[in-house]
Engineer: 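Before I ask anything, here is the structure I am working with.
Naming: A, B, ... by sequence-line order, numbering from 1 per chain.
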Amino acid sequence: MQSATTVPTPLPRAFFTGPTLRVARTLLGCVLCHRVGHGIRRGRIVEVEAYTDDPASHARNARRTPHNAVMFGPPGHAYVYFTYGMHFCFNIVTEPDGKPGAVLLRGLDGLEHANGPARLCRAMHIGRVHNGLDLTTSDLLWVEPGHRRRGERIVRTTRIGIRMAQDLRWRFYLLGSPGVSKRDVTAEKRTG
DNA sequence: CACACGATGCGCT
DNA sequence: GCGCATCGTGTGG
């Protein structure tokens with residue numbers, strides 16, 4: 001049990017510098033933290049997707065634009081974008097500086113209505129102002145180490161809501177977690 | 001400058 | 001399963 005006055009212990013930059021797929025898997029079980037008002041809002045990460053310079057990514061063709069520039073920057077920063085005229089999505093930048101990569105957070109446990117990337121942002125009060133924020137040095141928004149429970153399995157399946165590269169199984173979630181936005185029963189059987 | 005459309009979610013059929 | 005809200009961005013004329 002942690003006291004309310006505990007100083008943040010954010011995951012260090014080295015955690016996010018690795019290959020996007022590995023960082024994505026490793027983020028499962030970690031805890032996203034945001035100071036909101038007088039308290040800290042926390043959610044356990046239970047569903048993620050990896051994006052690099054693949055055809056479904058905002059950094060497709062490794063093409064850098066003002067909009068996706070954060071994805072090319074140093075790891076451990078927040079990449080927040082606005083979509084469908086009303087929703088925000090929250091990513092964490094991966095890979096060494098100069099190489100594009102990010103992990104989209106799609107589901108949290110421990111909060112109501114934090115399943116799905118847009119609802120996650122609403123539940124965590126994350127928005128446009130957080131784009132580019134360094135999560136490894138900020139005392140406002142950060143990620144803390146977590147753990148997977150004994151026997152807790154990772155399901156590996158395809159990403160959601162994209163048209164390109166639908167064959168890639170770059171979505172990962174924790175089996176049985178209520179914060180998962182969309183289950184894949186077939187993939188769960190493969191998991192065992 | 002016009003326009004198509006999206007890493008979504010909600011309500012209705 | 002389908003339509004739609006609502007707007008920033010990329011692309012093409």
Engineer: Choose from B:dG9, B:dA7, B:dC10 the nucleotide whose nearest atom is closest to any side-chain atom of A:A118.
Structural biologist: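 The answer is B:dG9, which lies nearest to the side chain.
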
Engineer: Keeping the roles fixed (side chain from A:R44, backbone from A:C30), state whether a donor-acceptor pair exists under 3.5 Å.
Structural biologist: no

Engineer: May I ask you to decide if A:A59's main-chain N or O and A:D53's side chain share a donor-acceptor pair within less than 3.5 Å?
Structural biologist: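 Flag not set: sc A:D53 to bb A:A59 has no pair under 3.5 Å.
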
Engineer: Determine if A:Y84 stacks with B:dG9; use a centre-to-centre distance below 5.5 Å and an interplanar angle below 30° as the criteria.
Structural biologist: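 Not stacked: fails the 5.5 Å / 30° test.
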
Engineer: A:M164 CE to B:dC5 C1': how many Å, rounded?
Structural biologist: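 Distance check: A:M164 CE to B:dC5 C1' gives 14 Å.
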
Engineer: Can you give the dot-bracket line for DNA chain C, where a pair is Watson-Crick or G-U wobble with both atom distances under 3.5 Å, crossing pairs use [ ], and | marks a partner on another strand?
Structural biologist: |||||.||||||.

Engineer: From B:dC10, B:dG6, C:dT6, pick the nucleotide closest to the side chain of A:M86?
Structural biologist: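 For A:M86, the side-chain atoms sit closest to C:dT6.
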
Engineer: Kindly state whether the ring of A:Y79 and the ring of A:Y81 have centres lying under 6.0 angstrom apart.
Structural biologist: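 Yes, the ring of A:Y79 comes within the 6.0 Å limit of the ring of A:Y81, centre to centre.
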
Engineer: Could you state the CZ-C1' distance from A:F88 to C:dA5, rounded to the nearest angstrom?
Structural biologist: 15 Å

Engineer: Quick check: does any side chain N or O of A:R64 sit under 3.5 Å from a backbone N or O of A:P100, one acting as donor and the other as acceptor?
Structural biologist: no

Engineer: When the ring centroid of A:H34 is compared with that of A:H125, is the distance short of 6.0 Å?
Structural biologist: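 Between A:H34 and A:H125, the centre distance exceeds or equals 6.0 Å.
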
Engineer: What's touching nucleotides 11-13 of chain C from the protein side, N or O pairs under 3.5 Å?
Structural biologist:
none

Engineer: Can you tell me how far C1' of B:dT8 sits from CZ of A:R119, to the nearest Å?
Structural biologist: 9 Å

Engineer: Below the 4.0 Å mark, does B:dA7 have OP1 or OP2 next to a side-chain nitrogen or oxygen of A:H58?
Structural biologist: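 So the side chain of A:H58 is within the cut-off, an N or O lying under 4.0 Å from OP1 or OP2 of B:dA7.
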
Engineer: Taking CE from A:M71 and P from C:dG10, how many angstroms apart are they, rounded to a whole number?
Structural biologist: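 To the nearest whole Å, that distance equals 13 Å.
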
Engineer: Calculate the interatomic distance between A:R128 atom CZ and C:dG8 atom P; express it in whole Å.
Structural biologist: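 Distance check: A:R128 CZ to C:dG8 P gives 6 Å.
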
Engineer: Kindly state whether the ring of A:F82 and the ring of A:H87 have centres lying under 6.0 angstrom apart.
Structural biologist: no

Engineer: Once you round it to whole Å, what is the distance between P of B:dT8 and CZ of A:R163?
Structural biologist: 13 Å

